[in-house]
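The structure appears right after this line, and notes come after that.
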Amino acid sequence: MSKTFTTIDFELATAKYNSVCAVGIVDVVDGKIVNEFYSLVQPPQNRYMWQTSRVHGIKPKHTAEAPTFIDLFPSIKDLLVSKHMVAHDELLDRSVLKETMNFYNLPFQELGLEPVWECTSKIYRSLGFARTKLSICCELMGVELKHHDALSDARATAELYLKVDDAIEMKKLG
């Protein structure tokens, strides 16, 4: 496993994958976190579902003055181009990035990312973890987490990925 990678996590305003309202990105080089990025993002029409706001606490008043994804994209792009990507729910986060870029007519392929990323949920499931929800994996592995905060989730994912060898040892010890 590479010790140089980038993790990403999104929070959504609605059930639509293009409704990003927060993004967290963490860069890891040689096993050390070297850069963190967080921003609130104004979703399309600044529209929210109460159910999603209840989960992450972000509401229209918080993103009314936030940049839209297309405004934020130049900063995000530089953090993602050609990186080895890791996410806790890889399919969700990759799909959110792809669909949001598509919504704003931004070419996803120009990021030069692998078609499938590393997925800490799948890795921990393969190690015998019965449940692999981010909060559960973090609790079991001693990783600090403020769940549903995009930066905290991205940081926790990075730490879980770095602790895979520890998880393998735990499995061996029974």
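Residue indices begin at 1 and follow the sequence shown.
Of all heavy-atom pairs spanning Val41 and Pro43, the tightest one is O-CD, 3.1 Å. Annotation for Ala167 and Leu127: closest pair CB-CD1, 3.7 Å, computed over non-hydrogen atoms. Nearest heavy atom pair, residue Leu134 against residue Ala156, reads CD1-CB, 4.4 Å. Across Cys21 and Leu12, no two heavy atoms sit closer than the pair SG-C, 3.7 Å. Looking at every heavy atom in both residues, Lys146 comes nearest to Ser152 through N-OG, 2.7 Å.
Cluster annotation: Leu92 and Ile58 are assigned to distinct hydrophobic clusters (Ile/Leu/Val/Met/Phe/Trp/Tyr, side-chain heavy-atom contacts under 4.5 Å, transitive). Residues Val55 and Val96 are members of separate hydrophobic clusters, defined by side-chain heavy-atom contacts under 4.5 angstrom among Ile, Leu, Val, Met, Phe, Trp and Tyr.
Residues Lys98 and Phe103 are not in side-chain contact: their nearest non-hydrogen atoms beyond the backbone lie 4.5 Å or more apart. At least one side-chain heavy atom of Met141 sits less than 4.5 Å from a side-chain heavy atom of Asp166. Side-chain contact check for Leu111 versus Met101: some heavy-atom pair is nearer than 4.5 Å. For the pair Leu160 and Cys138, the minimum side-chain heavy-atom distance is below 4.5 Å. The side-chain heavy atoms of Val164 and Tyr124, taken from C-beta on, include a pair separated by under 4.5 Å. Looking at heavy atoms from C-beta onward, Val86 lies out of side-chain contact with Trp117 at the 4.5 angstrom threshold. Put simply, the side chain of Glu11 reaches to within 4.5 Å of the side chain of His148, judged on heavy atoms. No side-chain heavy atom of Thr68 sits less than 4.5 Å from a side-chain heavy atom of Phe73.
With sequence neighbours excluded, the residues forming a side-chain hydrogen bond (donor to acceptor under 3.5 Å, both in side chains) with Glu90 are Arg94, listed by chain and number. With sequence neighbours excluded, no residue satisfies salt bridge (Lys or Arg N to Asp or Glu O under 4.0 Å) with Lys163. Residues meeting the side-chain hydrogen bond (donor to acceptor under 3.5 Å, both in side chains) test with Thr52, sequence neighbours left out: none. Under the rule for a side-chain hydrogen bond (donor to acceptor under 3.5 Å, both in side chains), Asp89 has no partner lying at least two apart in sequence or in another chain. Taking Tyr48 as the reference, nothing meets the ring pair (Phe, Tyr, Trp, His ring centres under 6.0 Å) condition, with sequence neighbours excluded. Take Phe10 and apply the ring pair (Phe, Tyr, Trp, His ring centres under 6.0 Å) test, not counting sequence neighbours, and it matches no residue. Partners of Phe37 under the ring pair (Phe, Tyr, Trp, His ring centres under 6.0 Å) rule, at least two apart in sequence or in another chain, do not exist in this structure.
In this structure, CD1 in Ile8 is found 8.5 Å from CG in Leu79, a value given to the nearest 0.5 Å. Taking CG from Asp93 and OG1 from Thr7, the interatomic distance works out to 9.5 Å, rounded to the nearest 0.5 Å.
Sequence neighbours left out, not one pair with a member in residues 39-65 passes salt bridge (Lys or Arg N to Asp or Glu O under 4.0 Å). Within the structure, every pair that satisfies the side chain to side chain donor-acceptor pair (under 3.5 Å) test and touches residues 129-145, not counting sequence neighbours, is listed here: Ser121-Thr132, Arg125-Thr132. Pairs passing the salt bridge (Lys or Arg N to Asp or Glu O under 4.0 Å) check and including a residue from residues 71-82, sequence neighbours excluded, read Lys77-Glu110.
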Distance-only donor-acceptor pairs under 3.5 Å for side chains of residues 22-36, two or more places apart:
{"from": "Asp27", "atom 1": "OD1", "to": "Thr6", "atom 2": "OG1", "distance (Å)": "2.6"}
{"from": "Asp27", "atom 1": "OD1", "to": "Lys83", "atom 2": "NZ", "distance (Å)": "3.4"}
{"from": "Glu36", "atom 1": "OE1", "to": "Arg155", "atom 2": "NH2", "distance (Å)": "3.1"}
{"from": "Glu36", "atom 1": "OE2", "to": "Arg155", "atom 2": "NE", "distance (Å)": "2.6"}

Can I get a per-line list of side-chain donor-acceptor pairs under 3.5 Å for residues 13-20, giving both atom names and the distance, sequence neighbours left out?
{"from": "Thr14", "atom 1": "OG1", "to": "Lys16", "atom 2": "N", "distance (Å)": "3.1"}
{"from": "Thr14", "atom 1": "OG1", "to": "Ser19", "atom 2": "OG", "distance (Å)": "3.2"}
{"from": "Ser19", "atom 1": "OG", "to": "Ala13", "atom 2": "N", "distance (Å)": "3.3"}
{"from": "Ser19", "atom 1": "OG", "to": "Thr14", "atom 2": "N", "distance (Å)": "3.0"}
{"from": "Ser19", "atom 1": "OG", "to": "Thr14", "atom 2": "O", "distance (Å)": "3.2"}
{"from": "Ser19", "atom 1": "OG", "to": "Lys16", "atom 2": "O", "distance (Å)": "2.7"}

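Taking the six-membered ring for Trp, Tyr161 and Phe5 have ring centres closer than 6.0 Å.
With His88 as reference, Thr120 is the one residue of Asp153, Thr157, Thr120 to meet the side-chain hydrogen bond (donor to acceptor under 3.5 Å, both in side chains) rule.
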